[in-house]
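Structure, as structure tokens:
Sequence lines set the chain letters: A, B, ... in the order given, protein chains first and strands last, and positions in each chain run from 1. The figures here come from the full heavy-atom set of this structure, side chains too, leaving out hydrogens, waters and symmetry mates. These numbers were taken from a predicted model, which means no experiment stands behind them.
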Amino acid sequence: MTALLSVDSLCKRFGDVDAAKDVSFVLDSEEILALVGESGSGKTTVGRLIAGLENKDSGEVRFQGHLLPMTYGQKDFLRWGREIQMIFQNPLGALNPFFSAADVLAEALRFARSGKAMKRSELSSGTDFWLDAVGLQSSHRNRLPHQLSGGQRQRLVIARALCMEPRLIVCDEPVSALDVSIQAQILDLLRRLRKERGVSLLFITHDLNVVRQFADRVLVMYRGACVEEGATGDLFSNPQHDYTRHLLETCPVPAYQEPPA
Amino acid sequence: MSLLSIRNLKVTLRTPQGPVYPVQGADIEVAEGKTRCLVGESGCGKSLSMLAVMGLLPAGASIEAEQMHFAGQDLRTLTAKTYRRLRGPGMGLIFQDAMAAFNPVLRIGDQLAEAYRTHRGGSRRVAWQKAVHWLDRVGILQPEDKARYFPHEFSGGMLQRAMIAMTLITQPRLVIADEPTTALDVSVQAQILALLRDLQRSEGVGLILITHDLGVVAEMADDVSVLYAGKTIEEAPAKVFFDRLSHPYSQGLKACTPNWRAGPRPVEPIPGLPPPLNQRHQGCAFRYRCAKAMQICDQLPQMQPVGERHRVACWLTQRDQEITNAQTGEQP
């Protein structure tokens with residue numbers, strides 16, 4: 001069986017900075033792969049390259065065995081755009097401030113049908129279905145982004161991504177801006193949707209505590225290059241690379257520690 | 001001896017949509033030279049109660065409190081002028097967003113020197129030397145050169161260090177740090193936390209650390225206070241906080257915080273959202289989300305001591321205590 005996504009020697013330079021240097025990995029169906037590293041490590045760039053939001057310098061990305069065009073305007077670009085969706089860290093910045101929750105989903109649903117006309121009743125039942133799928137109520141339908149809480153906004157963005165019925169969602173720090181109790185709700189939702197809808201997640205984050213309990217596999221990036229890759233359990237119990245060990249040491253653990261004398 | 005002692009602080013904000021009650025009974029106690037962490041979710045009143053302590057609330061806000069003492073002074077009696085004298089040498093504030101806290105068109109050294117001269121006086125030359133000295137103390141290499149830099153020439157971590165230097169240059173007795181590392185990378189965060197801890201020890205200042213990150217609490221706290229919907233619901237020494245929390249919300253907070261050392265443990269989200277703050281709590285604010293809510297939770301629980309420096313506002317603990325007392329034959 002071929003992997004859902006296979007990335008081969010992906011490179012991208014900004015000026016004289018290597019944001020992605022020879023990055024290669026595979027992602028299976030229904031797998032959650034975490035991409036970790038500090039700011040500037042290139043993890044976001046890799047996510048954006050895969051989602052087609054940046055143009056690569058060199059390398060290949062194959063999706064279900066097909067070579068992705070990766071450049072806006074190229075043939076089939078939009079078709080893949082539907083299969084690969086993206087969720088950003090700041091939902092307020094990803095939502096049109098003048099669009100209500102229902103408008104946001106209706107626009108996405110129309111796009112999912114390649115702009116073919118949809119009956120109003122069809123649109124309305126579609127929006128309700130997806131609002132419900134991410135745990136929003138119908139009372140949220142007509143709210144504007146600023147009238148929703150942070151967690152509700154992130155749910156709406158997830159619903160917008162899901163209604164395309166994608167195979168892969170690139171999540172760029174989707175819970176970093178949220179409070180812990182809301183963060184847990186969103187992670188729970190993402191994990192449930194992975195199971196129910198069979199999507200794979202490329203989960204970009206700096207928070208190793210979240211990675212440990214959420215991801216199946218982990219890829220550690222440092223200065224644009226992959227330095228370590230492994231199953232979550234192995235990587236945490238037996239980190240090989242110095243940088244991984246450094247990340248683990250500096251990661252604050254929420255448990256009581258004896259104060260140093 | 002406690003440096004800061006706040007009892008039952010209430011803050012009311014007037015808005016065009018009517019009054020809002022963001023703080024409804026915050027208790028905050030900081031001992032001299034100790035660190036107290038304030039934990040809670042956004043909108044639970046952490047930052048606002050600290051602004052109340054600093055006397056920096058926006059116009060139209062009103063304060064009520066049973067007690068508001070800082071180093072033997074009653075904060076409620078201070079005028080704008082006397083408050084001004086207290087800030088700086090008395091208490092200092094470290095903000096989350098260091099970039100927004102510095103003036104972008106002034107050199108870092110000048111801004112530190114200005115803080116020193118405003119509160120401690122002295123010549124420009126002495127103030128500049130102090131600025132360089134403190135940049136050195138917070139671990140900025142080549143402080144003489146860096147003092148001539150502008151804020152945009154500093155990295156996020158360096159700016160946060162400079163911010164700490166600017167707060168400590170006036171040698172306050174109490175430092176309030178509002179999410180000082182939230183915007184930083186983990187390894188930079190670890191450095192800044194270590195720096196804060198070292199300086200807090202060597203200078204002997206009391207530190208209030210506002211955070212929502214229990215990992216930071218574990219690294220820093222002597223004591224912890226948990227706020228929910230504007231009210232302090234539990235306070236405990238750090239060890240008790242992590243080992244045996246009493247309030248269902250504190251327990252929920254801990255259960256939904258991922259911890260890589262604990263292995264693959266499923267997170268248990270707390271269902272629902274915090275209540276709106278446009279009315280005063282009639283009962284326990286957490287009862288709508290609490291799995292253990294009882295009839296009596298419709299009445300407001302008060303903070304009750306359950307151990308040394310450990311107090312909880314929950315009917316459940318009170319009931320358990322009464323049962324224990326009845327069994328041992330003690331009078332409550």
Tell me the closest heavy-atom pair linking [X] and [Y], and the distance in Å.
X        : Y        : answer
A/Val180 : B/Leu253 : CG2-CD1, 3.6 Å
A/Leu208 : B/Trp260 : O-CB, 3.9 Å
A/Ser181 : B/Ile270 : CB-CD1, 3.9 Å

Q | Segment of A/Gln152 engaging chain B (4.5 angstrom heavy-atom cut-off) | A | side chain

Q. Is it the backbone or the side chain of A/Ile186 that comes under 4.5 Å from a heavy atom of chain B, or both, or neither?
A. neither

Q) How many angstroms lie between atom CD of A/Glu38 and atom CD of B/Gln189, to the nearest 0.5 angstrom? A) 11.0 Å

Q | Separation between CG of A/Asp179 and SG of B/Cys44, rounded to the nearest 0.5 Å | A | 8.0 Å

Under 3.5 Å, sequence neighbours excluded: what are the donor-acceptor pairs made by side chains of residues 212-221 of chain B?
from: B/His212; atom 1: ND1; to: B/Glu179; atom 2: OE1; distance (Å): 3.2
from: B/His212; atom 1: ND1; to: B/Glu179; atom 2: OE2; distance (Å): 3.1
from: B/Asp213; atom 1: OD1; to: B/Gly215; atom 2: N; distance (Å): 2.8

Q. Pick from A/Val210, A/Thr232, A/Thr250: which one has the most heavy-atom pairs with chain B under 4.5 Å?
A. A/Thr250

Q.
Under 4.5 Å from any heavy atom of chain A, what part of B/Gln191 do you find: side chain, backbone, both or neither?
A. neither

Q | For chain A, the option from B/Ala238, B/Ala190, B/Ser187, B/Gly40 that forms the most heavy-atom pairs under 4.5 Å | A | B/Ser187

Q | Contact residues of residues 271-278 of chain B (partner chain A; heavy-atom separation under 4.5 angstrom) | A | B/Pro271, B/Gly272, B/Leu273

